[in-house]
Amino acid sequence: MKTLISASRPAAVFRFSPRPCPPSYCRGCFHWPTGKSHVHDWPCSRRCVDICRVQLVHSVARVRQAFGKLLKTIPLDVALSNHRHSEIQEISLAIRRHMGRAPSSTFHPQDFSDLIGFILYGALHRGGKEPWLECLFHSCQRLERREGAAVPRPLLKSEAVLWQWAVWEAAQFTVLSKLRTPLGRAQDTFQTIEGMIRSLATHSASPEQELSQWSSGEGDEGHHSSQLRLTLLLQFLENLEKLMYNAYEGCANALTAPPKGIRTFFYTNRQTCQDWLTRIRLALMRVGLLSGQPAVTVRHGFDLLAEMRNSSAQGAEMEAPITMLVEALCELRCPEAIQGLAAWSSSVAGRGLGWVSSVALQAEGRFEKAAQEYQEQLCSITGLDCCIKGFDRSLLKVSTANSGSPKHVGNGDSRKTVLMKPSDSSPEVLNFLANKACECYVALCDWPSVQEWQASVTVLRKSPNGSAIHLKTDFNYIRALSSFEDGDFTECREQLDLLPGDDFGLLNSSSRDKLDVKRLLPAALSPDPMELQKAIEVQLLRSAVGVITAATANHEQEEKGVLASENVVRYLKQTGHIALGPLRLSTLTLSGTLPTVSTLQLHCATALENSLSCQLGPEDCLIPLYSRALSACKQQDIWPWLQALRYTTFQRELFLRLRGSAVPVDTHLMELCLTAVKFARKRGNVALATRLLGRCSDAPPGGGSGDGQGVRHLFTRLSLEGAVGEKWGPELEIEKAKVLFAAGQSAVAMEMLSSCALAYCHSGKCERAAGRALLTLCKWLLADWKDLTPQLKQVAKRGPSGLPPLSRNVAALLELPLLEDQDAPRITTETTVSVGVGEPDYVLGQLYQLSTIQAPEVAKSWAALASWAYRWGRKVVDNASQGEGVPLLPGEKQEVEELLPACTTDEDKETIFGILGQAMCRPAGIQDEDMALQSEEDEEDDMVDVIWRQLVGSCPWLSEVEEGVTEGLIRAWRRVVDRIFSLYQVSCRAYFTFLKLNAGQVPMDEDDPKLLLRNPDGKQSSDDVIVMATLRLLRLLVKHAGELREGLELGLASTPTAPWRGIIPQLFSRLNHPEAYIRHSICSLLCRVAHDSPHLVLYPAIVGSISLGGEAQAAGNKLPSALPTLLGNIQGEALCGGGSEVASQESGRGEELGPCSSQDQAMMQDCYSKIVDKLSSANPTMVLQVQMLVGELRRVTLLWDELWLGVLQQQHVQVPRRIQQLEGRGQEGAEQQHAPQGGEGGHHAGEALRPHAAGGVRAGACSQHHGHARRDAPRSLVPGELRRGHRPRPGEAEEPAQSRQPHQQLGALQADDAESAAEGPEAHQLPAAAG
């Protein structure tokens, strides 16, 4: 075997793996233990699933068998998880590459005849030792074309690639031969294919009509061949439609255009081809449902509805395709698409379909509510009461929004049904609704309801409208399942004898020759995958009953029992081999996931085989379906859990008979049962969850009233004992309370859950369960907040002893001693109620805090606590900042009174108390730009000065008190501020802990059985919760950095980098924070992110460093950054040349602000440089390449005319003010000129006026210079040349002054203006044209 595997798996198969597989997975002995402790390496486990899927369709049978054995050992939560399969994607890409190539014209009529003969009639015309499909592929290849083969050589052993290639080549041959094939002329080809499609569609509508060409085969492989042929037929038609469309319409780039003659032929006969496709689409929809490919039905259904709408078809004609389309979407689990289809049908087709919402419920997994609505729809359509009693309807929250449904009054048997007027509906819809209701009961494994529904349908069929109803369910099969789950194996055997298949007595025969394991399936079996699944399930039931018979015979006749056991083992091996067929078919159709039911049936057969062989221990014979599959497998069907429960329960009975003990099976059975309860409850199947909870205990079910109180009494008797109870008892108690809450018994559920949480907290053993119970209790309290607020107020006030049970339990929880870290901030009345938090919210916060103390490893507890503290902390801080502050505590008042003089009046005391209760923090609406102007060193001192000024302003005599009194008052105010910000401190610490838990930095005990839903990836929360946590922490950094310095500094230093990757732009925007330690902390965090994920930080860091540095480095040359230099020159020079007092003041103010802006730029540049240096130390080549890219982008995007526009826009703000100053100075000069004065004085007045006149003509001088520049502009200033970044080449003459860069031109203009001003105003008269 080892030699076989090493030779059959090419090295190229493993090239997709990020790391090599362990040798234990790749050696010839595929015995992989199925216990929990052996499956933690998820990447390698998924890798094994990918390889097994591809090798299951290998052309060599022994390779398929070997990898089938390996797949049986992989846990179901890994095999069924939704993830991308790299090998399947590689096969799909290879097929797409082949489809995009030009036709090779090497596929001959004989090849087409062989392939289409196999697809339509199952005939094989080629024989030999080698696989005929592989020989067909190689016979169509040519030597000159092998070099550019689209299919990689390692994939040529995969039947998935070969079948896809053969079907594509057959469709291409049909188009290239203008539809003239070995089947006949074009009409003959169409008619042959259409006849086969219609015969299959007829069989789908009437299952009793057998198909000899599709339902029979030689042995069990013949049934797999029939399903394969049906799949290939649908694929052939899809390829044919694509190629015909490409021939008469054309395709942009996906497919190559056929020759001109082919295009002309199909363009001429386009309408004929489209009419043929329209004619067979309805039949193709039925065949898609028959073959188990609902996606095919959806595609043809949407095309058919579009064509029917364009042809103005009536609403009644659309009912049949809409019904099949809804059924296909239900199989695909698409409830939103079903609701959209109902809306489209009502608005466009004018056909309101009220029953579509019931199908959407079934697609969502809400089978109980869907079954009830199906019955109500049937009652509404037929006018007869066909509803069954079924499960307890009082457990369902029945919606009565549908006006066309019958209304039930009362509970249980006393209900009354108000019948509506019968509505018009097709018989196909009636049959559809009746079968869908039966499917819901089968999915719930509610066998009594299935049989009761059969009786109701029998009565319904006697009515005129119900004659077309035919249930597809085999009720002998249903009765066999029911008796098997009840443990009545004799009755089960009798029912199995009524089903088609091999003789059941051969299993227990002592002869080895009578049982033919190659023919276990019925001789005539429909190609429907559901029929094959039912046949495999029947084989599992027969083998299980045979195992029990053999186990009983071992005690009576030793030799005969051994022979019977060997027959059952052979039977189970063949059953597992048959179950591999649907898995192989999923790979041939390039499906994204393995089929759930078939994969589970394969593992069930293997588990029963291992249990009977007695070669492995009980813990290695379990069905590998664990609770983590609840989060790993996104399935909406509870059937896998119920099936696993069925056979695990049988294993327990078997081990008790064979070995006398079944402890490992008991533990696994309890895990499966509780997980199934959780799954059913989340989908709203409350009655099923209640029934499953009743199976979790050996206590007798007892009598119940059938309502919520009966369920409460039933749950009260449920309990677990021994090792199983110690391990799963807490989970059982929590699930009981959750099911009661889902059933509408909220008060009883909260009372039960609070009692459980209190018991777990007192015991100190089930901390995680206690934390989860407290979180759930808080969620339920919020759901009924208005009704429970009075009780919570009594709990906060430690009210009278006569409290309700829920209030007593909550009060006892709040009195528990806190064993948390003493240095951590706590939630107390001083930090909550005294600052404005409501008493009920205070109780809620303490429960959140208790959940984090009980289960510190649960991230959800920390997130809930942080969210509560942040929400109330924001309200408290905003109220204290903008309102009247917070009242001082009695101890704080006493301390302040001791500091004040004895003669202080009560009015002054109250004034001082009110001022000290204010938090002088930043308002909530302040902008970051305003915040950046505040000085880091003086912020706290400014707040102290504001408080002291308020105190002195209200009480002037405080300015004369001693320094000790002043310091004491300030200390008291700071303690009040700490109390106001205490909730923010709790939120800050909780959010940082939450981020650490999600990054997997907190060690967790992987062997702890209480980790029911542990995620192997280490991430416990969704991305939106993580992003919200990081954004809130960032807001605390910006708004309240000074008050929360200690918590933020420690948290940012130790926080993991993974949660912060989603807000990288926000982190860069905070590098200009005025607090030095915040800038340093964010810079350090970005440096760590750059080390872990450099691609997220690289581009913004380099752009920021280049922009702040003023120059970019690209290709080893320094490129001038024109805009910062230009703006600097503009800001550094006075516009009017100085001389005025206002200009001097503005210049002085600019000099005052200039160093501050320069200092901020230097600090940000230092942060960016640290990040770039960190990146350069890891990968300098990458940094240089990105710097080159950024430099080139700046060079080609920032144009000179844009620079000029920026400068003019910046200076345009100052122009009106300068003009106003100029007019004022001119008016003053005119007044001085007309005033009577001496000659000397007038001379001085003229001298005083001259500088302002010179400044007044400056604008004209600038305009004159610009006018010359416009008339004599060189070629380099043409806009087109500017966009190409023209520069003088070596050897060319230097550009004239007008073509210099903008900042150089402006400097020259200002110098010319200064010289002109010295000459006098006469030299600045503008020509008329220039004006």
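One-based numbering along the sequence shown.
The shortest distance between side-chain heavy atoms of N998 and V1025 does not fall below 4.5 Å. At a threshold of 4.5 Å between non-hydrogen side-chain atoms, the residues L1086 and L1071 count as touching. V1190 is listed as a side-chain neighbour of Y1099, based on a closest heavy-atom distance under 4.5 Å. The shortest side-chain heavy-atom distance between F994 and I1026 falls under the 4.5 Å cut-off. Taking 4.5 Å as the limit, every side-chain heavy atom of L1033 sits out of range of all side-chain heavy atoms of T1055. Side-chain contact between F992 and L1052 is present, with at least one heavy-atom pair separated by less than 4.5 Å. Counting heavy atoms from C-beta outward, R1035 and L1031 have side chains that stay 4.5 Å or more apart. Contact of the Y848 side chain with the I827 side chain is not registered, since no non-hydrogen atoms from C-beta on lie closer than 4.5 Å.
A distance-only check finds a donor-acceptor pair linking the side chain of E892 to the backbone of L889 [under 3.5 Å]. For the pair W1060 (side chain) and L1085 (backbone), a donor-acceptor distance under 3.5 Å is absent. A distance-only check finds no donor-acceptor pair linking the side chain of R1088 to the backbone of T1057 [under 3.5 Å]. A distance-only check finds a donor-acceptor pair linking the side chain of H1073 to the backbone of L1037 [under 3.5 Å]. Of the possible donor and acceptor atoms, none in the side chain of D841 sits under 3.5 Å from a partner among the backbone N and O of V837. Using modelled atom types, no side-chain atom of S987 and backbone atom of Y984 make a donor-acceptor pair closer than 3.5 Å. When atom types are taken as modelled, the side chain of S1069 and the backbone of Q1066 share a donor-acceptor pair closer than 3.5 angstrom. Remark: side-chain polar atoms of S1105 are paired, donor with acceptor, to backbone N or O of A1101 under 3.5 angstrom. Remark: side-chain polar atoms of S861 are not paired, donor with acceptor, to backbone N or O of T852 under 3.5 angstrom. T1030 contributes a side-chain N or O that, together with a main-chain N or O of V1027, makes up a donor-acceptor pair within less than 3.5 Å.
The minimum heavy-atom distance between A869 and L983, with the atom names listed, is CB-O, 3.5 Å. Taking each heavy atom of V1183 and I1102 in turn, the nearest pair found is O-CD1, 3.7 Å. Across all non-hydrogen atoms, the minimal contact from L1048 to H1040 is CD1-O, 4.4 Å. Between R979 and L888, the shortest heavy-atom contact is NH2-CA, 4.1 Å. Taking every heavy atom of both residues into account, V1089 and V1097 meet most closely at CG1-CG2, 3.6 Å. Listed here is the closest heavy atom pair of L1036 and C988: CD1-CB, 4.4 Å.
In this view, Q985 satisfies the side-chain hydrogen bond (donor to acceptor under 3.5 Å, both in side chains) rule with no residue, not counting sequence neighbours. Every side-chain hydrogen bond (donor to acceptor under 3.5 Å, both in side chains) that S1093 has, sequence neighbours left out, goes to R1061.
Checked by atom type, the side-chain pair S1054/K996 shows a donor-acceptor distance below 3.5 Å. Counted by atom type alone, S1081 and S1084 present zero donor-acceptor pairs between their side chains at under 3.5 Å. In summary, the side chains of S1169 and Q1165 do present a donor paired with an acceptor at a separation below 3.5 Å, with no hydrogens or angles considered.
To the nearest 0.5 Å, atoms CG (D878) and CD1 (I980) are separated by 11.5 Å. Rounding to the nearest 0.5 angstrom, the gap separating the CG atom in L1067 from the CG atom in L1034 is 5.5 Å. Note that the OG atom of S867 and the OH atom of Y991 stand 4.5 Å from one another [nearest 0.5 Å]. The structure places CD1 of I970 at 7.0 Å from CH2 of W948, a figure rounded to the nearest 0.5 Å.
The list of salt bridge (charged side-chain N to carboxylate O under 4.0 Å, His left out) pairs with a residue in residues 1175-1184, not counting sequence neighbours, is empty.
We find that K1170 and D1166 are joined by a salt bridge, their nearest charged nitrogen and carboxylate oxygen being less than 4.0 Å apart.
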*What do the steps show when you test T1181 against N1179 for side-chain contact (heavy atoms from CB on, under 4.5 Å), and what is the final call?*
CA-CA 6 Å; T1181 305; N1179 195 338; 3.9 Å; yes
*asked:* As a quick check of understanding, evaluate salt bridge (charged side-chain N to carboxylate O under 4.0 Å, His left out) for R971 and E895, giving each step before the final call.
replied: CA-CA 10 Å; R971 283 197 306 269; E895 181 181 356; 5.4 Å; no
*Go through I853 and L816 one step at a time and tell me if the side-chain contact (heavy atoms from CB on, under 4.5 Å) criterion holds.*
CA-CA 11 Å; I853 296 173; L816 292 174; over 6 Å; no
*Does the pair I1171 and F1068 meet the rule for a side-chain contact (heavy atoms from CB on, under 4.5 Å), with working shown?*
CA-CA 11 Å; I1171 300 173; F1068 272 103; 4.0 Å; yes
